[in-house]
Amino acid sequence: MLNLLLLAALPARAVSVQEDYNAAQAHLDARRLAEARAGFSALLARLGPQSASRSATIVRSRLAETLVELGEVEEAQPLLETALASLPAGNAALRGERGAALTHLARATEEQGQIRTALGYWQQILDEKLMAPASLGLLDAQAGVARTAIWSRPEVAAAMIETLITQPDAAWGASKAVANRGRLMALRLKGQLAMASGRLADAATALAAAGKLAGGTETSMVNIDDIELRGDLVTLAWLRKDSAALSKLTALSGANMLDDGSRGGGGSSSLLPPCTPTGTVAPDAMAVIEFGVGDDGRVLNVRPVYVTTGSGPADSHPEEAFVAAVHEWSWPAEQAKAVNLMWRAAIRVELRCLTRQPDLASDSLFREARDWFDKQKLPLPEVSGTDAQRRQALLASLASIEAAEGPQSPRLLGVLGALMGNTAVGPREAARLGERLASLAEARQAPILLVWLGRNAASGRRTLGSAERRKLIDLAETRGEGRLADYLRLQSVADDSGKQAEALLQAIIARRADGDPLRTQALLRLSDLAFARGDEAAAASALASTGLSPQQCSLVDVRPLGSSSNVFSSADFPVESLSWGLSSLMQVSYDIRPSGETTNVRVILARPPFVFSDAVVRRIQKWRFKPVMRGTETVGCVGRTQGVRFNGASG
């Protein structure tokens with residue numbers, strides 16, 4: 001039927017079009033996705049990107065299917081929406097095409113965190129009876145409804161889960177093993193629904209039944225089903241406050257197998273959803289999110305496992321915000337490839353929202369750099385998507401510009417600069433690209449900010465050494481870039497408490513206008529130094545000159561001074577976690593009261609979930625800071641964040 005449709009649509013060149021289509025489809029069937037994408041893209045261009053013909057609609061749908069398989073769901077979604085407009089309901093000849101387009105659109109929207117929208121598409125497939133009875137397509141749609149309805153229509157999810165559990169073996173495929181995997185998936189959804197509803201005994205029963213199908217939950221043999229099931233059991237153990245089971249199941253789930261490496265790929269707290277009032281997520285809302293990492297470092301198959309709204313309204317749906325945030329994460333490709341696919345197929349993280357930060361001094365410097373690009377009439381790269389997607393697009397742009405204009409083209413500066421802040425760029429690649437950026441920026445008399453970014457990346461460190469920084473300060477002054485020079489000076493005095501540091505700060509304050517973030521940071525640092533030496537009057541005067549409120553002070557680089565007890569030791573962590581050799585990567589948010597005590601301590605990111613969270617919160621609640629003075633009042637700071645990495649394997 002499909003061949004006839006294509007032939008009828010383009011009689012003049014039907015054979016050639018059909019041959020091109022067949023070749024692209026063969027690539028898609030064989031999972032040669034890059035070739036399929038190229039083939040369908042070329043065919044759509046030939047048919048007309050805006051064409052609403054049936055042939056163009058079918059090719060558009062196949063291209064979108066390929067993009068969904070590649071993880072390019074943002075690009076696929078509008079193609080599918082356009083295709084569906086030309087695949088009206090009720091046309092028997094187009095039933096299969098419409099079902100396929102709705103299936104891929106449901107997947108694309110679900111992956112991006114549009115969970116209620118995805119539920120609508122999955123349900124539409126069932127309502128229109130687009131899938132044949134007892135087909136895998138029907139089971140896929142039923143599973144989609146069950147998975148997405150948990151968060152907004154639990155009664156619909158419950159009914160659909162029971163439908164899946166009671167399916168005969170033949171509905172799942174030819175083998176008993178395949179049928180068991182289908183029921184295991186349904187039982188896991190049943191357990192997740194029960195946990196979301198607070199029915200922990202029912203969750204335990206469902207997950208125990210899933211464990212029997214999986215062959216046990218405490219064996220040394222594991223596959224992806226075991227990893228996902230044990231991840232569910234970890235959440236249940238946390239809800240039951242069973243710390244021994246929590247640590248054991250975390251270890252058995254392989255949660256330690258993906259490390260962040262030196263660039264800290266993925267899991268960035270800066271990519272968490274914002275808390276109210278800036279965003280829609282309550283500060284005490286929490287989510288456990290599961291996802292995989294592809295060979296290119298892209299995050300795939302993002303799914304909520306357990307979510308609470310906290311003090312937010314019942315219809316706030318934080319699961320959508322958290323899934324959308326994780327979908328944006330990326331890992332360096334070289335780091336992802338180094339980990340066995342099984343251990344990065346079902347990663348779990350515990351998440352809470354983040355208080356967004358205001359404009360910092362670095363932002364003003366980047367604005368100045370963008371002004372330079374505008375004056376030079378050099379376009380900055382415009383790429384969207386996750387860091388992994390942006391990396392691919394930027395590298396392609398880099399190669400294209402270099403091929404057309406040579407390795408010294410000034411247009412390479414913007415592309416290289418954009419790659420410097422990309423978390424999907426691995427350390428070795430960053431060092432190589434950073435060296436290119438620094439060299440080209442110097443040769444082209446570009447802003448010294450670009451030289452600094454490049455040298456930082458080339459050095460493999462977060463900040464340059466003092467000698468290298470001094471050279472850049474001199475170069476910036478020579479080139480008339482005094483604000484960057486002062487920014488680098490502020491870095492130089494960050495850990496210095498001597499009179500020379502105070503003199504540098506006073507000089508920056510004298511030459512910067514009120515409201516300049518460089519002046520604000522210098523005043524804050526000067527206040528810190530005065531307070532440290534016991535001069536509270538000078539500390540209060542410097543802090544008052546900033547004009548900051550307590551809600552702002554911690555967000556513009558003021559550093560409240562902590563006591564020597566503000567450190568972690570192995571005694572802070574659960575004994576069970578130590579015996580299993582567990583490790584953890586965490587980000588914690590907290591406020592500082594005027595008295596110097598911490599409050600509102602929240603784990604905003606933890607991988608693996610839960611096992612260290614309570615211990616870290618208890619420890620940071622005991623931290624004490626020297627009060628920050630403002631005028632005659634002692635004030636606190638809100639929105640501080642602290643990274644915590646614990647390596648249990650090494651003690």
Side-chain angles (χ1 to χ4, degrees), residues 150 154 187-211 216-218 226-256 282-290 304-312 318-319 322 347-353 568-590 598-622 644 646 648:
I150 288 175
L187 286 165
R188 285 187 54 234
L189 290 175
K190 187 173 184 177
Q192 291 174 13
L193 176 60
M195 286 190 287
S197 305
R199 296 179 284 106
L200 302 189
D202 291 345
T205 300
L207 296 179
T217 57
E218 297 185 6
D226 296 316
I227 293 171
E228 291 176 337
L229 175 58
R230 292 171 191 184
D232 292 341
L233 289 166
V234 164
T235 302
L236 180 60
W238 174 73
L239 290 169
R240 288 178 147 183
K241 304 187 186 304
D242 187 344
S243 60
L246 176 61
S247 294
K248 181 178 181 179
L249 289 163
T250 298
L252 291 174
S253 71
N256 281 0
D284 54 347
M286 185 274 290
V288 178
I289 303 296
E290 179 181 276
V305 174
Y306 178 80
V307 183
T308 65
T309 58
S311 57
E319 70 278 356
F322 284 116
I347 302 167
R348 299 275 178 110
V349 286
E350 170 191 354
L351 300 176
R352 291 174 182 82
C353 60
F568 288 94
S569 72
S570 59
D572 294 316
F573 299 100
V575 173
E576 297 88 352
S577 68
L578 300 176
S579 64
W580 283 100
L582 295 174
S583 300
S584 175
L585 176 71
M586 309 180 76
Q587 289 285 331
V588 185
S589 173
Y590 59 93
T598 55
T599 186
N600 297 328
V601 183
R602 301 181 303 125
V603 171
I604 57 175
L605 184 153
R607 195 178 78 241
F610 305 129
V611 68
F612 294 101
S613 299
D614 289 345
V616 168
V617 168
R618 286 195 299 270
R619 187 70 190 87
I620 293 182
Q621 284 173 338
K622 296 178 182 178
V644 179
F646 179 71

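Only a predicted model underlies this, so the values are computations on that prediction, with no experimental measurement involved. Heads up: numbering here begins at 1 and tracks the sequence.
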_Met195 side, atom CE; Leu239 side, atom CG - distance, nearest 0.5 Å_ = 7.0 Å
*Evaluate the side-chain proximity of Val601 to Val588: yes if any heavy-atom separation is below 4.5 Å, no if none is.*
yes
*Test side-chain contact (heavy atoms from CB on, under 4.5 Å) on Cys353 and Ile604 and set out the steps.*
CA-CA 6 Å; Cys353 60; Ile604 57 175; over 6 Å; no
*How many angstroms lie between OG1 in Thr598 and CZ in Arg619, if you round to the nearest 0.5 Å?*
9.5 Å
*Taking the side chain as C-beta and beyond, is there a heavy-atom pair between Arg607 and Ile347 under 4.5 Å?*
yes
*Has the side chain of Ser253 got a donor or acceptor atom that lies under 3.5 Å from a matching backbone atom of Thr250?*
yes
_Test your reading of the model: is there a side-chain donor-acceptor pair from Ser613 to the backbone of Pro609, 3.5 Å cut-off?_
no
*Locate the shortest heavy-atom distance separating Pro318 from Thr309; write the atom from each residue and the value.*
CD-CG2, 3.8 Å
*Backbone of Pro608 reached by a side-chain donor or acceptor of Arg348 within 3.5 Å*: no
*asked:* side-chain contact (heavy atoms from CB on, under 4.5 Å) for Tyr306 and Met286? Distances and angles first, verdict last.
replied: CA-CA 8 Å; Tyr306 178 80; Met286 185 274 290; 3.7 Å; yes
*Sub-3.5 Å donor-acceptor pair from the side chain of Arg602 to the main-chain atoms of Pro283, do we have one?*
yes
*Asp202 side chain to Ala194 backbone, donor-acceptor under 3.5 Å*: no
*Rounded to the nearest 0.5 Å, how far does CZ of Arg240 lie from CG of Leu246?*
13.0 Å
*Trp580 and Ala251: which non-hydrogen atoms are nearest, and at how many Å?*
CE3-CB, 3.5 Å
*Got a donor-acceptor contact below 3.5 angstrom from the Arg352 side chain to the Val603 backbone?*
yes
_For Ala282 versus Ser311, what's the shortest heavy-atom pair and its separation?_
CB-OG, 3.8 Å
*asked:* For a quick test of reading the model, state the closest non-hydrogen atom pair linking Leu236 to Ala204 and the distance between them.
replied: CD2-CA, 3.7 Å
*Please round to the nearest 0.5 Å and tell me the distance separating atom CZ of Arg188 and atom CG of Leu229.*
7.0 Å
*Hey, could you give me the CG/CZ distance between Asp614 and Arg618, rounded to the nearest 0.5 Å?*
5.5 Å
*Provide the closest heavy-atom pair for Phe612 versus Ser584 in the form atom of the first, atom of the second, distance.*
CD1-CB, 3.1 Å
*asked:* Would you say that Leu193 contacts Leu189 through its side chain, given a criterion of any heavy-atom pair below 4.5 Å between the two side chains?
replied: no
*Any idea how Trp238 and Phe610 line up, ring-wise: parallel (<30°), tilted (30 to 60°), or perpendicular (>60°)?*
parallel
*Closest non-hydrogen atom pair, Asp232 against Gln192*: OD1-NE2, 3.2 Å
_Measuring from atom CD of Glu319 to atom CG of Leu351, what distance do you get when rounded to the nearest 0.5 angstrom?_
13.0 Å
